[in-house]
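Only a predicted model underlies this, so the values are computations on that prediction, with no experimental measurement involved. In what follows, every heavy atom counts, from backbone to side chain, and hydrogens, waters and symmetry copies are set aside.
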Amino acid sequence: METAHPVESQLRTWLWIAFLVALILGKGWFAFAVVSDMGPPTWAYRPVQDLPASSPYGIYAPLPHSQHIRGAEGE
């Protein structure tokens with residue numbers, strides 16, 4: 001069994017390092033060019049308030065007090 005010469009072994013090592021660096025840079029370019037954020041969306045979100053009791057799309061009836069828990073006067 002023959003062993004590789006030191007120069008050939010170094011060349012093979014540097015080629016693998018260059019290949020791995022190119023692979024990492026290629027994945028980074030792909031993520032930047034293809035998957036990245038291209039600015040604000042072209043559609044407009046309709047305004048929906050955070051609290052279900054004050055939202056027109058809420059499924060719960062509004063509570064009589066400002067606190068959104070059930071109990072004596074919302075306490």
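With contacts defined as side-chain heavy-atom distances shorter than 4.5 Å, the pair Trp14/Ile17 qualifies.
Of the inter-residue distances, the one linking Leu15 atom CG with Gln10 atom CD reads 11.5 Å to the nearest 0.5 angstrom.
Other members of the hydrophobic cluster containing Trp29, listed by chain and number, are Phe30, Val34, Val35; membership follows side-chain contacts under 4.5 Å among ILVMFWY residues, whether direct or relayed.
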